[in-house]
A.B. asks: 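Sending over a structure as structure tokens; questions will come in a sec.
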Amino acid sequence: MEKVIFDTNAYRYLVDGRDFNQVDKLIEKVKAKEAKNNIESLISPIVVKELLAHLADRNDPSFEVCLRANKALYLHSGSTADYSMIASPELLISKAFFDKEIPSKIETTKALGQMSFHLATNPSKHVFRKFQRNLNLNRDHVLETETEFALAMKQFVISNDPSATGWKIFENDEPERRKVLESIRSKNSSIEIGFGYIYLVYVLLMASGQIQQMTMEDLYDRAKTFIDIFPEPIALYKYVMENLVNSEFNLMENSRGNFVWDIHLMFNVGNHSVNNEKLHFVTSDKAIIRTAIAENAKYTIWTFEEYMDFLN
């Protein structure tokens, strides 16, 4: 049986024009069509995190649609007894490169699943009060992560062009911009990005006592392997960096900081499988689709419209 993951907007599109009580029958129809095509859906913890971030405050403009989208997400991949959720990027990396697990990330994933279940099946005032603290923590984590990503990209601009006043690198110096683009597109740049992910997981494993101290050379060798296993998130990361060179791409505006979650979702795009079963990804995000096609992963990705047409 093949697997499928929907991104955040795919669930928002799915529930568009339907009220909370209509979601049940809608998902029943979708799951019946998927069963006929031998497809089973999985929850992405990244998508849960993004949806729940809008449920911490009823005044959030996206509260209602995300409440319905969360219900669709949970019913799509879960029941009153259990749910099927894919591992987070940190857990995928820790297993693939260290053959270890990160207890704190496992607990976080379980907490997200629990909140999603209760808010999907009984979004009463009592349930919201019960989970308000965790909803607030999740929302704050999402916002902090997006801000940290934007600040890291701003540092990238400044480190390449200390004279930059905005977000564009060498705004009036085309030869220098070309040099930066060549550097971004290099294999070494890919390894450096991979090293960043490897090192982050290494620190988490060290903190939990899962592994002993390792040399930077050892970690760097793993980063060289990383770029062959997970080229898709690296490619989208580089796409963001190239936008900083080619345009005034202010990551503090227009919710562009949430590119960090798109990059995390790219860990599910490409030649991957779950229990030796092919993994598909449903999205209408143009940057994700463009990157997937460029990385020869077009046969694992569907637009929302394509997938709905396929299910008929």
A.B. asks: Does any non-hydrogen side-chain atom of D309 lie less than 4.5 Å from one of E306?
C.D. replies: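 Contact flag for E306/D309 side chains = no.
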A.B. asks: Is any NZ, NE, NH1 or NH2 atom of the basic residue among K168 and D161 found under 4.0 Å from an Asp or Glu carboxylate oxygen of the other?
C.D. replies: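 The answer is no: the pair does not qualify as a salt bridge.
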A.B. asks: Please determine which of N136, L137, L135 meets the side-chain contact (heavy atoms from CB on, under 4.5 Å) test together with R133.
C.D. replies: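 Testing each of N136, L137, L135 against R133, the sole residue satisfying side-chain contact (heavy atoms from CB on, under 4.5 Å) is L137.
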A.B. asks: Aromatic ring centroids of Y307 and H280 under 6.0 Å?
C.D. replies: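 For Y307 and H280, the ring centres are not under 6.0 Å apart.
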A.B. asks: Would you say that L151 contacts M252 through its side chain, given a criterion of any heavy-atom pair below 4.5 Å between the two side chains?
C.D. replies: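 With C-beta onward as the side chain, the pair touches.
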A.B. asks: Taking NZ, NE, NH1 and NH2 as the nitrogens, is one of them in R222 or D218 under 4.0 Å from a carboxylate oxygen of the other?
C.D. replies: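 So R222 pairs with D218 through a salt bridge.
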A.B. asks: Does the pair F267 and Y197 meet the rule for a ring pair (Phe, Tyr, Trp, His ring centres under 6.0 Å), with working shown?
C.D. replies: CA-CA 12 Å; F267 280 89; Y197 284 109; 5.5 Å; yes
A.B. asks: Any side-chain donor paired with an acceptor under 3.5 Å for S77 and S41?
C.D. replies: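 Yes, side-chain donor-acceptor contact under 3.5 Å.
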A.B. asks: So that I can tick it off, tell me whether K179 and E176 are bridged by a salt bridge, with the cut-off set at under 4.0 angstrom between side-chain N and carboxylate O.
C.D. replies: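 Salt bridge flag = yes for K179 with E176.
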A.B. asks: Could you walk me through whether I263 and F149 pass side-chain contact (heavy atoms from CB on, under 4.5 Å), step by step?
C.D. replies: CA-CA 11 Å; I263 293 169; F149 178 72; 3.8 Å; yes
A.B. asks: More than 12 heavy atoms of other residues, nucleotides or ligands under 6.0 Å from CZ of F98: yes or no?
C.D. replies: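 Yes, the 6.0 Å shell around CZ holds more than 12 heavy atoms from other groups.
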A.B. asks: Quick one: does S208's side chain have a donor or acceptor within less than 3.5 Å of a partner on L204's backbone?
C.D. replies: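 Yes; judged by distance alone, with no hydrogens or angles, the pair exists.
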A.B. asks: I'd like to know if the side chain of K100 and the backbone of S94 have a donor-acceptor N/O pair within less than 3.5 Å.
C.D. replies: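 The answer is no, because no donor-acceptor pair under 3.5 Å joins these two groups.
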A.B. asks: Can a salt bridge be assigned to the pair R177 and E174 using a cut-off of 4.0 Å between side-chain N and carboxylate O?
C.D. replies: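 Yes.
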A.B. asks: Answer with yes or no after comparing the ring centroid distance for Y202 and F226 against a 6.0 Å cut-off, counting only values under it.
C.D. replies: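 For Y202 and F226, the ring centres are not under 6.0 Å apart.
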A.B. asks: Would you call the rings of Y239 and F259 parallel, tilted or perpendicular if under 30° counts as parallel and over 60° as perpendicular?
C.D. replies: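 Ring orientation, 0 to 90° scale: tilted.
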A.B. asks: Verify the neighbour count for atom CD of E192: are there more than 12 heavy atoms of other residues, nucleotides or ligands below 6.0 Å?
C.D. replies: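 More than 12 heavy atoms, drawn from other residues, nucleotides or ligands, come within 6.0 Å of this atom.
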A.B. asks: More than 12 non-hydrogen atoms from neighbouring residues, nucleotides or ligands closer than 6.0 Å to CD on Q155, yes or no?
C.D. replies: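 Yes - once you tally the heavy atoms of other residues, nucleotides and ligands closer than 6.0 Å, there are more than 12.
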